[in-house]
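Single-structure report; data block below.
In each ligand, atom 1 is the first atom listed, and ligand 1 is the first ligand listed.
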Amino acid sequence: MRHLAEISREGRDILASDEMQSTRRFVQHGRVSVYEHSLKVTDMCLTLADVLRIQTDRRSLIRGALLHDFFLYDWHADEKWHRLHGYTHASRALLNAMARFTLNRRERDMIYSHMFPLNLTHVPHFRESVLLCTADKIVSTAETVRGVMDKHKQAP
Ligand SMILES: [Fe+2]
Ligand SMILES: [Fe+2]
């Protein structure tokens, strides 16, 4: 991971929190945990900002990205209340993150709008939010494809 040192420095308190550590237990896509996914998405945000030479508030970019999937449950478990996970988890992640950390406007917007355009009304308002939206889709697609490939590998 290219930006691990920077992410660890700016997100130290988030990464060390019990809540964030608990996301190691939750699967996101394929065999990737929510914790690992959140780190990869954060790294991808920084890579996109570097490659596209986009000026950002890097600390906010890191902290918003680390917390974007801070919904804190296993969304694969068949329970009624999180059937609409795709539509509802951004709001839940924001509430959880606000209860635990102090977030600025940029970070709040990043978390709330990261599922745009699935959540059509949660429009990103900052360039950090647009970067997160894009990075999340790239990383999620790669994780899902890799999961499907692994399944095929195991087939006789
Ligand atoms: Fe998400
Ligand atoms: Fe995500």
Will you find, in the side chains of D69 and S38, an N or O donor that is under 3.5 Å from an N or O acceptor?
-> no
If you measure from the Lys or Arg side-chain nitrogens to the Asp or Glu carboxylate oxygens, is any gap between R63 and D13 under 4.0 Å?
-> yes
Report for the Fe ion (ligand 1), protein N, O or S closer than 2.8 Å, by chain and number, lists D69 OD1, H89 NE2, H114 NE2
Describe, in one word, how the ring planes of F71 and Y73 are oriented to each other, choosing from parallel (under 30°), tilted (30 to 60°) and perpendicular (over 60°).
-> tilted
Side-chain heavy-atom pair D50, H3 within 4.5 angstrom cut-off = yes
Centroid-to-centroid, H122 to Y112, below 6.0 Å?
-> yes
Would R58 and E6 pass as an ion pair if we require N to O under 4.0 Å?
-> yes
